[in-house]
Amino acid sequence: RQKTNEEFQPTINLIKEDLHLINRDILQHLGCYEEELNELAKYHFDTKGKLIRPMIICTMARSFNQQEDNFLHENQRSIATLGEMIHTASLIHDDVVDSSDRRRGKPAAALQWGPRKAVLAGDYILGIASIVLARIGNSDVISLLSRVIQDLVRGEFMQLSTKESDAEQFQDYLNKTFCKTASLFANTCKAVVLLGNLSNININQLADYAYEFGKNFGMAFQLIDDLLDVTATDDDLGKPATADLKLGLSTAPVLFASQQFPELQTLILRRFSESGDIERALELIDQSDGKARTYHLAEQYANEACRILNNFPQSLNGSNRFLKFLIYLTQSTLKRRH
Ligand code: FPP
Ligand code: MG
Ligand code: MG
């Protein structure tokens with residue numbers, strides 16, 4: 001792994017500079033005179049997040065920009081900035097919805113300030129993100145990012161109920177996963193293509209490929225998240241583990257396990273609400289191939305994401321270091337521990 005890292009060091013350094021500017025921009029945008037709102041809004045932008053969204057967005061943008069050293073346009077950087085803002089706003093709201101008290105290794109904003117102020121801070125961040133979006137001045141891009149917000153809310157809403165039949169449950173899970181996670185990757189990757197001032201190539205086709213890459217990457221990323229929920233510890237994650245089962249949510253590991261152990265259906269339908277349900281579910285997940293199948297499905301999405309990158313015109317001679325880095329990031333997602 002270290003060796004691979006070395007190969008990518010110059011690329012990583014360049015992307016790190018982007019991330020540094022993005023963080024600076026976010027803090028600047030969020031500044032306001034209401035001191036408490038100021039502090040609360042900036043609280044989770046302390047670089048403890050993985051910044052995987054801006055990393056993917058900047059790398060995608062640089063991979064096809066034809067100017068010297070794969071220049072990143074300011075408007076493309078804005079997409080990464082507001083993508084991270086929308087994501088973080090949704091997490092602050094999510095911790096209220098989930099009554100979760102830890103986030104990114106520290107007390108959640110909702111615990112520190114109470115749910116009412118935390119919800120307002122999320123709204124505030126979303127408002128600022130909308131200003132940044134409007135300033136880009138591209139109505140197609142405004143539609144894409146508005147769709148992301150719509151999808152985030154739909155995904156979060158879908159999680160509040162459970163479908164009756166197991167076939168519906170899995171489809172519902174995949175739809176929800178797209179809405180909650182993959183939509184942001186898909187639509188922001190597409191947006192940076194539209195903002196790329198590209199000539200001599202079919203922009204709409206490239207935008208579709210970028211969307212498909214983001215979608216498949218996002219699905220893989222969330223499947224691993226759902227796997228880690230049943231395999232990792234609180235400290236690994238910087239937030240509570242087995243949170244999904246505790247919230248009554250059925251994700252891939254338990255849905256796959258229920259195909260082998262139908263008795264899980266009763267627990268899934270009552271959303272693990274009776275005492276001993278969570279322990280029993282974990283036991284059956286362990287005895288089943290639910291974890292392996294979840295990993296395998298993540299791998300399939302990751303492979304598809306990498307395959308799509310072959311369609312990028314600049315990949316023809318195989319020398320585009322940003323496309324290679326996207327492949328590396330996709331493969332790393334499968335190996336992540338938090
Ligand atoms: C984290 O899921 C939650 C999301 C990715 C989406 C949350 C969306 C909303 C609260 C809707 C409001 C949206 C906006 C833009 C303000 P999780 O609970 O599975 O992950 P976790 O383990 O990190 O908490
Ligand atoms: Mg949550
Ligand atoms: Mg949630």
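The basis for the numbers below is simple: all heavy atoms, side chains too, and nothing from hydrogens, waters or symmetry mates. Residue numbers count from 1 along this sequence. One-based numbering, in listed order, for ligands and for the atoms of each.
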(request) Using distance alone, with no hydrogens and no angle criterion, decide if Arg271 and Thr162 have a side-chain donor and acceptor under 3.5 Å apart. (result) yes
Among protein heavy atoms, which lies nearest [atom], and at what distance?
{"atom": "atom 13 (C) of ligand 1", "value": "Ser90 CB, 3.7 Å"}
{"atom": "atom 16 (C) of ligand 1", "value": "His93 ND1, 3.2 Å"}
{"atom": "atom 22 (O) of ligand 1", "value": "Lys239 NZ, 3.2 Å"}
{"atom": "atom 20 (O) of ligand 1", "value": "Asp94 OD2, 4.0 Å"}
{"atom": "atom 17 (P) of ligand 1", "value": "Lys180 NZ, 3.5 Å"}
{"atom": "atom 7 (C) of ligand 1", "value": "Glu156 OE1, 3.3 Å"}

(request) Measure across Leu152 and Lys180 and return the closest heavy-atom pair with its distance rounded to 0.1 Å. (result) CD2-O, 3.2 Å
(message) Are more than 12 heavy atoms, taken from residues, nucleotides or ligands other than Arg147, located less than 6.0 Å from that residue's CZ atom?
(response)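 Not buried by this count: 12 neighbours or fewer within 6.0 Å.
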Under 4.0 angstrom from ligand 1, any heavy atom of [X]?
{"X": "His87", "answer": "no"}
{"X": "Leu152", "answer": "yes"}
{"X": "Asp98", "answer": "yes"}

(request) Determine whether the side chain, the backbone, both or neither of Asp225 has a heavy atom under 4.0 Å from any heavy atom of ligand 1. (result)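 None of Asp225 does.
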(request) Record the part of Asp123 in heavy-atom contact with ligand 1 below 4.0 Å; permitted values are side chain, backbone, both and neither. (result)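 No part of Asp123 is near ligand 1 at this cut-off.
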(message) Checking the side chain of Asn187 only, and the main-chain atoms of Ser183 only, is there a donor and an acceptor separated by less than 3.5 Å?
(response) yes
(message) Regarding atom 12 (C) of ligand 1: of the candidates Asp95, Val153, Asp151, which has the closest heavy atom?
(response)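 That would be Val153.
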(request) Decide if the gap between the ring center of Phe325 and the ring center of Phe322 is smaller than 6.0 angstrom. (result) no
(request) Taking the side chain as every heavy atom from C-beta outward, state whether Met60 and Thr188 have any atom pair closer than 4.5 Å. (result) no
(request) Identify whether NZ of Lys or CZ of Arg in Lys190 sits under 6.0 Å from the centre of the six-membered ring of Phe213 and within 45° of that ring's axis. (result)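 Judged by the rule, Lys190 and Phe213 form no cation-pi pair.
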(message) Less than 6.0 angstrom from the centroid, inside 45 degrees of the normal: does Arg336 satisfy that with respect to the ring of Phe221?
(response)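 Checked: cation-pi criterion met.
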(message) I need the Lys176 NZ to Glu156 CD distance, nearest 0.5 Å.
(response)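 Between Lys176 NZ and Glu156 CD, I get 9.5 Å after rounding to 0.5 Å.
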(request) Mind checking the OG-CD spacing from Ser258 to Gln260? Nearest 0.5 Å is all I need. (result) 9.5 Å
(request) State whether Glu263 and Arg280 are salt-bridged, where the test is any N-O pair (Lys NZ or Arg NE/NH1/NH2 against Asp/Glu carboxylate O) under 4.0 Å. (result) yes
(request) May I ask you to say whether Arg77 pairs ionically with Asp25, meaning some side-chain N is under 4.0 Å from a carboxylate O? (result) yes
(request) Quick one: name the protein N/O/S atoms under 2.8 Å from the Mg ion (ligand 3), chain by chain. (result) Asp94 OD1, Asp98 OD2
(request) Can you sort out which atoms of ligand 1 are near Arg103, meaning under 4.0 Å from one of its heavy atoms? (result) 21 (P), 23 (O), 24 (O)
